[in-house]
Amino acid sequence: MVATHSQPRHFVAIDMGSNSFHLVIAREQDGSLQILHKEKQQVQLATGLNAQNILSADAIERGLNCLRDFNQRFSNLDQAQVRLVATHTLRVAKNREQFIEAALSIMPYPVEVISGHEEARLIYNGIAQSQVLAKRNIVIDIGGGSTEVVLGQKNTPTHLSSLRCGCVSFNERFFIDGQITPASFRAAQSAADKQFASLSKEYFSGDWDLVLGSSGTVKAICEAIQEEHGDEIVTLPRLKQLKLKLIRCGHISQVQFANVDDKRTQLLPAGLAVLISFFRRLPISQLEFSPGALREGVLYELAKIGQYQDIRHRTVDSIAQLYHVDIPHATKVRDTAMALFEQVADEWRLRPHARLLSYAATLHEIGLHINSKALHKHGAYIISNSDLPGFSEALQQDLARLIANHRKKPNELLLAELEPSHKLTLIRLVCLLRLAVLVHLGRIAKALVLEKIHVIPDGLMLVLPSHKRKISLFMKDLQREQKQMATLGMQLRFVSSLGLTLDKAIEAKDDTLNTVTS
């Protein structure tokens, strides 16, 4: 009888926002979620909401057409678990049942119209699945009809708020004719100020380790700032400069940013007014964009996949399983690397990079999944081009650099572009990783042990074991490694625990070598 493999579980999350509808399809892979497809359509449901909170037939039809498109993406998936959530516009629409009943005829899943607090909770949980959070965090998500502001400690949200100020609704109120004037900004900011003033006192301490913004509006503002300043660091002075630029344009038709979608550009003044008010009122000094959002929170909750204390650990474990890493061997290499690390970390100022070395040691052989030849290059490619939740782009590339250099001739070009102090840090980590790999080369049952290593001005002094017999092959490996590391400016010196240097041992006759190593 042929064994049958269980079918992978698939999960579908649909976020029906006031501006855009989002679809995410994922499957469970070794205890983690692997994203298969993402898609969004800018439905602008909120533009169809009138003063009496009645949703227009046109807006309803736009939303239903989008759901028809989304349904085709996953209708053939067997036993997919699906969750649809709707936010502010359907929360306030008096005729929302008309939309919900029509949606049921398109796909047989109930539409959950979630509260503002529930939306805020799911947003925070989605962000927690996408990156490492600090001890004290504040998150703002500027949606089409509402803005959610959340306080949290690490992965746990502690205060949830939903405010009646969104980029679509504010655009309809203050920038509907496309005119961008100081008066329109003043009116929009004044309305936003009143909303932020309603927050509880906990929001006004300003004592945050991390300030994050999510959603397409914050992303568009970050992209505009990137174009103006060369990076995406959001500060109040930069927001004010962007505001002045928009005012100088005079009309939304004159606003052009190469990296901002035209449909998103139309909502830039309204979103900017809300974000400026957020900075001024709370107060906030700096903000960074987070890729996580409501749909990720819905997806992970649907799949009932728990959070690790550190999202990066889950990512590393998942990718190790995905690429069938030899976990027992990887664990030995990691333990050796970290033992070496502990002996030099303080002198080399490597303490902040302990986890990076640990991750690199765990994943150093993932390239075997492609081919054993040039496995270090294959591994670096996999890391560079994978979705690694919890890893910043910079950390991801550093991980790829370590894996690319864990064996063979070091790739100097990968390191040459780095700032000098950063380059030195990576060279030192590369050295420790390579030594750990070398110790376990050939998967020796009882691996050799480097008893001690010492920092010397231009590199390391390694103390070789004296009690081992027949370590001549290992010494030859070390000689080759000595030449390889010299290309990076890292000098390796060797001494036996009997006090005789390796150079003298090699120059001596075989009987001398046997004496040294016996």
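Every heavy atom of this structure was used, including side-chain atoms; hydrogens, water molecules and symmetry mates were not.
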request  = Report the distance from atom CG of Asn259 to atom CD of Glu232, rounding to the nearest 0.5 Å.
outcome  = 9.0 Å
message = Test your reading of the model: is there a side-chain donor-acceptor pair from Asn385 to the backbone of Tyr381, 3.5 Å cut-off?
response = yes
task = Output, in order, the C-alpha distance, side-chain angles, deciding distance and verdict of side-chain contact (heavy atoms from CB on, under 4.5 Å) for Leu426 and Leu356.
result = CA-CA 10 Å; Leu426 285 190; Leu356 174 59; 4.2 Å; yes
message = Return the CG to CD distance between Leu212 and Gln131, rounded to the nearest 0.5 Å.
response = 4.5 Å
query = Ala330 and Thr362: which non-hydrogen atoms are nearest, and at how many Å?
reply = CB-O, 3.4 Å
key: Spatial distance of atom CG (Asp207) from atom CD1 (Ile138) [nearest 0.5 Å]   = 11.0 Å
note = Closest non-hydrogen contact found for His364 with His406 is O-CE1, 3.2 Å
key: Beyond-backbone contact of Val218 with Leu287, side-chain heavy atoms, under 4.5 angstrom   = yes
request  = Measure the CG-CD1 distance between Leu375 and Ile382 for me, rounded to the nearest 0.5 Å.
outcome  = 10.0 Å
Exam field: side chain His117 to backbone Leu160, donor-acceptor pair closer than 3.5 Å = yes
task = Verify, without hydrogens or angle tests, whether Glu347 (side chain) and Val344 (backbone) share a donor-acceptor contact under 3.5 angstrom.
result = no
Thr217 and Leu275, any side-chain heavy atoms less than 4.5 Å apart = no
query = Charged N to carboxylate O under 4.0 angstrom, Arg480 versus Asp477?
reply = yes
message = In the structure I gave you, are the side-chain heavy atoms of Tyr124 and Asn155 within less than 4.5 Å of one another anywhere?
response = no
task = Verify, without hydrogens or angle tests, whether Ser358 (side chain) and Ala354 (backbone) share a donor-acceptor contact under 3.5 angstrom.
result = no
Check: Ala134 main-chain N/O paired with Asn137 side-chain donor or acceptor under 3.5 Å = yes
message = Whether the side chain of Glu227 engages the backbone of Ala258 through a donor-acceptor N/O pair (distance < 3.5 Å, no angle test) should be reported.
response = yes
request  = For residues Ile427 and Asn405, determine if any side-chain heavy atom of one lies less than 4.5 Å from a side-chain heavy atom of the other.
outcome  = no
message = Salt bridge or not between Lys135 and Asp209? Use side-chain N to carboxylate O under 4.0 Å.
response = no
query = Would you call the rings of Tyr359 and His313 parallel, tilted or perpendicular if under 30° counts as parallel and over 60° as perpendicular?
reply = perpendicular
request  = Return the minimal non-hydrogen interatomic distance between Gln396 and Ile383, and the atom names on each side.
outcome  = NE2-O, 2.7 Å
request  = Go through the steps for Arg314 and Gln129 under the test side chain to side chain donor-acceptor pair (under 3.5 Å), then give the verdict.
outcome  = CA-CA 10 Å; Arg314 188 187 68 209; Gln129 294 293 342; 2.4 Å; yes
query = Should Trp208 and Leu151 count as side-chain neighbours, where that means a heavy-atom distance under 4.5 Å?
reply = yes
task = Examine distances only and state if a side-chain atom of Thr336 and a backbone atom of Val333 form a donor-acceptor pair shorter than 3.5 Å.
result = no
key: Test item: Arg73 and His37 side chains (from C-beta on) under 4.5 Å apart, heavy atoms   = yes
message = Quick one: does any side-chain atom of Glu365 pair with a main-chain N or O of Leu368 as donor and acceptor, under 3.5 Å?
response = no
inquiry  = Regarding Glu228 and Lys245, does a basic nitrogen lie under 4.0 Å from an acidic carboxylate oxygen?
reply    = yes
request  = Hey, could you give me the CD1/CZ distance between Ile276 and Arg280, rounded to the nearest 0.5 Å?
outcome  = 8.0 Å
message = side-chain contact (heavy atoms from CB on, under 4.5 Å) for Leu462 and Leu435? Distances and angles first, verdict last.
response = CA-CA 10 Å; Leu462 281 64; Leu435 289 174; 3.8 Å; yes
query = If every non-hydrogen atom of Tyr323 is compared with every non-hydrogen atom of Ser386, which pair is closest and at what distance?
reply = OH-OG, 4.2 Å
message = Can you tell me how far apart OG (Ser162) and CD1 (Ile123) are? Round to the nearest 0.5 Å.
response = 8.0 Å
key: Heavy-atom side-chain proximity of Arg428 to Met490 below 4.5 angstrom   = yes
query = Just checking, any donor-acceptor pair under 3.5 angstrom between side chains of Ser130 and Glu296?
reply = no
message = Please check: side-chain N/O of Tyr203 versus main-chain N/O of Val149, any donor-acceptor pairing under 3.5 Å?
response = yes
request  = Decide yes or no for Leu429 and Thr425: does some side-chain heavy atom of the first lie under 4.5 Å from some side-chain heavy atom of the second?
outcome  = yes
query = Are Ser421 and Glu419 linked by a side-chain donor-acceptor pair shorter than 3.5 Å?
reply = yes
query = Where do Ile140 and Glu148 land on the side-chain contact (heavy atoms from CB on, under 4.5 Å) test, with the steps shown first?
reply = CA-CA 6 Å; Ile140 182 171; Glu148 278 61 51; over 6 Å; no
request  = Give a yes or no on whether a salt bridge exists between Glu301 and Arg121, defined as a side-chain N under 4.0 angstrom from a carboxylate O.
outcome  = yes
request  = Output yes when a side-chain donor or acceptor of Glu119 lies under 3.5 Å from a complementary backbone atom of Thr87, and no otherwise.
outcome  = no
message = With a 4.0 Å cut-off on N to O distance, would you call Arg401 and Asp398 a salt bridge?
response = yes
key: Verdict with supporting geometry, Thr331 and Ile327, side-chain contact (heavy atoms from CB on, under 4.5 Å)   = CA-CA 6 Å; Thr331 300; Ile327 298 298; 3.8 Å; yes
message = With a 4.0 Å cut-off on N to O distance, would you call Glu223 and Arg264 a salt bridge?
response = no
ask   = Looking only at heavy atoms, which two atoms of Pro410 and Leu488 are closest? And how far apart?
value = CB-CD1, 3.6 Å
message = Please check if the number of heavy atoms outside Lys243 that lie under 6.0 Å from its NZ is greater than 12.
response = yes
query = Given the side-chain rings of His353 and Phe341, with only the six-membered ring counted for Trp, is the space between their centroids under 6.0 Å?
reply = no
remark   = Between His369 and Leu322, the two heavy atoms sitting closest are CE1-O, 4.3 Å
